[in-house]
There are 2 protein chains.
Amino acid sequence: MEKSVIIKPVGYVRSDLKERYEAPRQGTMTAATGAVIELEPGCNFEQALTGLEGFSHLWIIYIFHKNDSWKPMVTPPRNGGKKVGVFASRSPHRPNRTGLSCVKYIKHEGLNIYISGSDMLDGTPVLDIKPYLPYSDSFPEAATGWAGERVQVSYEIRVAPGAAEQAAVIKEKEGQNLLNYARVQLSVNPDDVSRKRVSIVEGNRYCLSYRKWRIYYEVDINSGTVHVSEIR
Amino acid sequence: MEKSVIIKPVGYVRSDLKERYEAPRQGTMTAATGAVIELEPGCNFEQALTGLEGFSHLWIIYIFHKNDSWKPMVTPPRNGGKKVGVFASRSPHRPNRTGLSCVKYIKHEGLNIYISGSDMLDGTPVLDIKPYLPYSDSFPEAATGWAGERVQVSYEIRVAPGAAEQAAVIKEKEGQNLLNYARVQLSVNPDDVSRKRVSIVEGNRYCLSYRKWRIYYEVDINSGTVHVSEIR
């Protein structure tokens, strides 16, 4: 019986998503976020990618490396505040910190695998890469217990020219991609003020916090649009 | 950058599948094989299962603990002998020996999770358990590159009374479940004599080897039936 297993990552993710709160709640539920998996040199991993062409999706098994602790019960989003067991959830705070994401495969070159639709943070250690096989992996009618149906509403994010300029300046000067952050955070449930970084300003005007910055936006529920009006 | 990660299994599989050559090539491609995941005591894992009721499928991330080595290129079944990269395959011989299986959830009691459709061997160390969510995990139209379509032909296994008696005696005396082995090995491609344990006797009569035992059977391609006639 193997009491502990030592795992050496086969590679690491390079991505614009730098911090935990930048990650979408489900990778495939937001617009494509590009990333690269850089495999480790000296292991013949170049060869190990032969034949990946023609697959559209890949499984990535990885470590939630920014998470240290876990609890047996978690409070998932959209469960009315009710707790469920961590093994009945996809919470990133879990024993062994093991993540599983289905991403879109774009191409590979040398030791780099280009993917999209990823929710992995920059620096994520990757344990394994497997091709997605619908005949063993796809169960569209699987029952989902407490988790219910997918939230279908995905908001379109529109950015006012002034806010886009402010974001460009901040990205240039301080390396923070606030528009990416806004897109990740606001494309689903932008008016959910139970989230700690979202507050209501007045009416349908909200503020999303990101470190020292504030992103102001209006939510148009009817058209499913978020208007980002100001970043400061 | 985490250079190595120590993983402590959350539990171990108990199953009738004892050896590597008993495992089906894809867990969900054979008739239900029952198994139990026994979680480790003293970690509050009982609680961590709360809310699993109502899910039909679970992801199990585990270690192929009977496999020690890997190579960058593998020869998968049904690829005409051509090699592909290990990351473009689901081969169990892979870096970090990481397995990923979607199994059917039956029930849990205390620290035991009852599952079916599993291809994990007895003693398999389990790293994580996650609920299957079709809206993030199911892509029925995913492209499969070299792997092509699922082989649809699944043979029905019929066992002659004499052979069933022989199997019962062997199970009783030596603890080997030959009927389970025959079912696993013969429900897909029973006439594939390129496999090292299958040989042709004459006509449509074949022999499947299992340690010191021999399983004789006839294949009826038209009706999709395997008749197990003798075990000795």
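Scanning for salt bridge (Lys or Arg N to Asp or Glu O under 4.0 Å) contacts around B:K130 gives B:D128, with sequence neighbours left out. For A:K173, there are no side chain to side chain donor-acceptor pair (under 3.5 Å) partners, not counting sequence neighbours.
Atoms OG and CG, on A:S136 and B:L100 in that order, are 8.5 Å from each other to the nearest 0.5 Å.
The most heavy-atom pairs under 4.5 Å with chain A, out of B:S91, B:P72, B:S4, come from B:P72. The most heavy-atom pairs under 4.5 Å with chain B, out of A:C43, A:G123, A:P125, A:P9, come from A:P9. Each of B:V86, B:V74, B:T98 has some count of heavy-atom pairs under 4.5 Å with chain A, and the biggest count is that of B:T98. Among B:R94, B:R97, B:K3, the residue making the largest number of heavy-atom pairs under 4.5 Å with chain A is B:R94. If you tally non-hydrogen atom pairs under 4.5 Å between each of A:P131, A:P134, A:P140 and chain B, the highest count goes to A:P131. Ranking B:I6, B:N44, B:I129 against chain A, the residue ahead of the rest is B:I129, based on heavy-atom pairs under 4.5 Å.
Residue-level contacts of residues 105-115 of chain B with chain A do not occur; threshold 4.5 Å between heavy atoms.
A:T124 does not touch chain B: none of its heavy atoms, backbone or side chain, sits under 4.5 Å away. In this structure, chain B has heavy atoms under 4.5 Å from both the backbone and the side chain of A:Y132.
Looking at A:N96, its side chain does come within 3.5 Å of a backbone N or O of B:L127 through a donor-acceptor pair.
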Exercise answer: donor-acceptor pairs, residues 46-62 of chain A side-chain atoms, under 3.5 Å, sequence neighbours excluded:
unit_1 : atom_1 : unit_2 : atom_2 : d
A:T50  : OG1    : A:Q47  : O      : 2.5
A:E53  : OE1    : A:G51  : N      : 3.2
A:S56  : OG     : B:A143 : N      : 2.7
A:W59  : NE1    : A:D137 : OD2    : 3.0
A:Y62  : OH     : A:S101 : OG     : 2.9

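Counting heavy atoms from C-beta outward, B:F45 and A:P95 have side chains that approach closer than 4.5 Å.
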